[in-house]
Protein chains: 2
Amino acid sequence: QRYSSEVQVPLAANGMPAEHPACTALPHRSCRHPLTNVVENDRLGHCEDGVKGRFDAILPVLQEVAARGLGGGYAENAQRLAQERLGFSLPDKLLENAWVRGFDMRALFASATFAALERGVARFSQRLREELQAGENVDAMLVDCGFHAMNLSLCADGRLKGFLPYVLRLPAGHLLRRSAFAGTLFDVERDVEDWQATELRRYREGFPTTADVPTRYLKVAVYHGSSLDPTHQGCAAHGSNESLALEMALQRLQAFREAIENEFCCGASTDILLIGLDTDTDAIRIHVPDAKGNLSAYRYVDNAQVYRQTLDMDADRARLAVYEAIRVAAESSGWGQGEGMPHDGMRRLIATLLINNLSQIEYVADRVGGWYPDAGHGERFISVGDGFQELQMRNVAYYARLDTVEEGAADLDVGIKIFKHLNVERQLPIPMALHYRYDSRVPGNRERVVSKLQRVADAIRQRYAQLDRNGWLYLHGSVQDLPLGSALEEVDLA
Amino acid sequence: QRYSSEVQVPLAANGMPAEHPACTALPHRSCRHPLTNVVENDRLGHCEDGVKGRFDAILPVLQEVAARGLGGGYAENAQRLAQERLGFSLPDKLLENAWVRGFDMRALFASATFAALERGVARFSQRLREELQAGENVDAMLVDCGFHAMNLSLCADGRLKGFLPYVLRLPAGHLLRRSAFAGTLFDVERDVEDWQATELRRYREGFPTTADVPTRYLKVAVYHGSSLDPTHQGCAAHGSNESLALEMALQRLQAFREAIENEFCCGASTDILLIGLDTDTDAIRIHVPDAKGNLSAYRYVDNAQVYRQTLDMDADRARLAVYEAIRVAAESSGWGQGEGMPHDGMRRLIATLLINNLSQIEYVADRVGGWYPDAGHGERFISVGDGFQELQMRNVAYYARLDTVEEGAADLDVGIKIFKHLNVERQLPIPMALHYRYDSRVPGNRERVVSKLQRVADAIRQRYAQLDRNGWLYLHGSVQDLPLGSALEEVDLA
Ligand SMILES: [Zn+2]
Ligand SMILES: [Zn+2]
Ligand SMILES: [Zn+2]
Ligand SMILES: [Zn+2]
């Protein structure tokens, strides 16, 4: 357990030592929950260490390169060091010219960051391809619960970047799609289009279920807050006001459902689900729909509490207790009062997600003592565009989802501000990775996407002209074919 | 016949007097084609005069207001004049303050232009609502020809703005959609979404035909050229190179068809059709698909030629001759060689469009002597956004279709350049009307569209800051609900 050497009880907002909501022994020792998947926790830990470790090794390697100086064979020595400790080479050109003007450490740092990003994506892509080929477990689980699609929108905050593979333990699946927007303010219009495409596929191809089977399209929204410091480390897009973050996400969900019902006749409808995340502990809270599919801010299951209350049970009893917690929540009275139980499949899905998340609570306990030390920002680069779907890991990037700088300027400005603090103050440049997916089945689409990427790069250079001129901004461009796990193709932005 | 007092034979590119391709007696006298719809020509003429006349009356009215000066009751006199000759009042505030600093003619000109625009939209909307309620003739005609949708993309050039109601004589219909892009470079991805939505509706609602009926989705692209001055007055987006304009439009059509075939299984396919327009005479050229649905640049029917060759026939024989012209084109040999006849419905549709266009050729002959005198630019305002679907009339606006200034800057710059010449050089400001449609069935959509409109307005003011500061740029914002003929709702851009 890596945190044990530096055990320190974090302080709650009231200045008192915090009590961990799931395991009160933390941070001094972890609890052992009967439903935790220890093997999977170990595998995920290796994956996170592998990807983040590579980013974190860059500075020490460059410091050593600098320390060794420009003596004979300096370039070869630097390359050997990079290969050994980072697993890739540095650009020859940057090293060859170093004897004239010294090492260009900013350029070396940026190019190493982008190389680490490429390796991370390649590693994840490999895993995703295996997941897609092998099991299709998620797809089967979803259909089994009565859903033919699960479309999940979260906040673009870097701390939610690992939500699917880590927090919910959902591997890649054909029926699962994910998008991120500042403040979870997802694009209702775009989701209506996704709904149409999904339904059409059922009619035309009978995939994943034929149109006469009463399965449902499920839209999920995820808001977030901080249990340790709720008024400072919550969702920045909503001024760290968790109720507001919740309300806005709920409002979009309802708008989506209403849009489908209004735009399409013949009883068109969808299921909706709302999930809250505590970004300090990765414990989730699931709002339980009633029999009519309606949600309430006040009717939910708190999974930290479930963890705590089921800790001493055997696995079977703990599983039953999860279902019991859902039943109790569904029967809330007062503000959270609903109109009956959600359907069977919905209860099974909620139980599955809660049980999966128990492992993640323990993962955070084992690795960092229960609370993440990087409550604030520790991102490695700024991700611009549609995001790297293959690099789903907490705080690896600050993410600005945008198609034009004109629309995304506010999000970009926040990212630049964070990185001025994280990097420029330490004399390091800001690495910014632009990325868009294309669809090779649509003739000319790749060319159009590449032009768009170059246009966005130009607009970024224009907006941050001074940073760019002074060598504080490094851009990297890449596009990728639509299927998950496709190769990353670098685009020249010179 | 309004042109008769100023008969002047235009010169062809070789410097010789031009010969009209449809009626050789022009411009001295019009021909009378047996298939011309004289009543409809008259009605369309009144409509065009009504709308454009209001724009054209603005300057004379303002000149008279200036000439009358600031004597007693000047404001009331100006308003009476405006009401009489324009049909609307001028903003009281602009008149009230005039005695202090003189008339603010630029502001008066801009606000009168926007008022004329609003009246024009209202007038067209009224007509569209009637058309939609009354006949649904287009819809019936399309289904009768075997199509369940006709999606038409044209160049954004102001000279094509009247293409549907004038050039093709197609009234509004539920199965008919239209979009405009510089150089006809339409958005393949968006059309694939429209295809999906259309097919889904057939499956879910059986509208307009059920999914088992073998009707087709038809995508049409329209390119244009100038018969009088082909190398200068053609499509600006393609350097007035008509072959290039044709090839690019054809390429997008093929990309669209291929995208559908690649993205969707089970024999998904669509029909495509290519139409060329001579913007001097409004005569069209229709490229005839072969039995496999393929098009060729060299296989088409030239409607000016059809007009000329059928001029002396009676109506029935002329109609048969149109079908015969399609058959002859379909049997082209050499470069235009295809693989057999298009299907029956396609031939019926092509014949309908050709016959409709015969009336338009005569309309242009009767009104302006066969060739438009405003071969170049004579636009009244710059239209920014998604365009005013209800104001489909030649050269009424320069149109820049855009969602962000970042993407649409090049098109906007061209518009500004044109209006510096058209207006600023005459001391008149540039009126720019921003417009987007919203969908009232989608909760929150109107608010989001209004925000977008305001963001675009800000970006325009920023890009043309000097024009704006010096009072040469006036913006007008409006949104409109999705159904054709909805009321225009002004949005405050202050
Ligand atoms: Zn957030
Ligand atoms: Zn962050
Ligand atoms: Zn054009
Ligand atoms: Zn023009």
Side-chain angles (χ1 to χ4, degrees), chain A residues 185 187-207 211 248 251-252 254-268 402-410 438-445 447-449 451-452 455-456 458-459 462-463 482, chain B residues 185 187-207 211 248 251-252 254-268 402-410 438-445 447-449 451-452 455-456 458-459 462-463 482:
Chain A
L185 296 171
D187 187 333
V188 173
E189 290 76 17
R190 194 186 296 190
D191 282 339
V192 170
E193 273 159 15
D194 182 66
W195 178 84
Q196 291 185 66
T198 304
E199 299 303 317
L200 180 62
R201 208 164 165 204
R202 291 176 69 218
Y203 281 103
R204 295 191 76 253
E205 308 175 26
F207 176 88
M248 297 315 277
Q251 207 174 305
R252 286 276 152 124
Q254 286 162 341
F256 170 72
R257 192 153 71 133
E258 224 179 291
I260 299 281
E261 288 168 4
N262 293 349
E263 265 190 83
F264 303 91
C265 79
C266 324
L402 57 81
D403 291 310
T404 61
V405 173
E406 187 173 326
E407 293 161 293
Y438 64 89
D439 188 343
S440 60
R441 298 169 306 175
V442 179
N445 182 259
E447 290 75 4
R448 292 192 283 278
V449 169
S451 304
K452 168 179 168 176
R455 174 183 47 69
V456 170
D458 288 345
Q462 206 176 320
R463 186 168 185 94
L482 214 52
Chain B
L185 296 172
D187 188 332
V188 173
E189 289 76 17
R190 194 185 295 188
D191 282 339
V192 170
E193 273 159 15
D194 182 65
W195 177 84
Q196 291 185 66
T198 304
E199 299 302 316
L200 180 62
R201 209 164 165 204
R202 292 176 68 216
Y203 280 103
R204 294 191 75 253
E205 307 173 27
F207 177 87
M248 298 315 278
Q251 206 175 304
R252 285 277 152 124
Q254 286 163 341
F256 171 72
R257 193 154 69 133
E258 224 179 292
I260 299 282
E261 288 169 3
N262 294 348
E263 265 191 83
F264 302 92
C265 78
C266 324
L402 56 82
D403 291 310
T404 61
V405 173
E406 189 174 325
E407 293 160 295
Y438 64 90
D439 188 344
S440 60
R441 297 169 306 176
V442 178
N445 182 261
E447 289 76 3
R448 291 191 285 278
V449 169
S451 305
K452 169 180 168 175
R455 173 181 48 69
V456 170
D458 288 344
Q462 206 176 321
R463 185 168 184 93
L482 215 50

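Protein chains get the first letters and strands the later ones, always in sequence-line order, with residue 1 at the start of each.
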Flag the one option from B:I260, B:V192, B:V188, B:D458 with the top tally of heavy-atom pairs under 4.5 Å to chain A.
-> B:V188
Name the member of B:A197, B:G444, B:A211, B:S440 that forms the most heavy-atom pairs with chain A at distances under 4.5 Å.
-> B:A197
So with a 6.0 Å cut-off around CD of A:E205, is the heavy-atom count from everything else above 12?
-> yes
Distance-minimising heavy-atom pair for A:R204 and B:A268 = NH2-CB, 3.3 Å
Heavy-atom pairs under 4.5 Å with chain B - which of [options] has more of them than the others?
options	value
A:T404, A:N262, A:V442	A:T404
A:E189, A:R252, A:E261, A:R201	A:E189
A:E406, A:Q251, A:R202, A:E193	A:E406

Counting only N and O atoms by type, is there a donor-acceptor contact under 3.5 Å from the side chain of A:E258 to the main-chain atoms of B:P443?
-> no
How many angstroms lie between atom CG of A:L185 and atom CZ of B:R448, to the nearest 0.5 angstrom?
-> 9.0 Å
Residues two or more places apart in sequence or in another chain: which of them pass salt bridge (Lys or Arg N to Asp or Glu O under 4.0 Å) with A:R441?
-> A:D439, B:E263
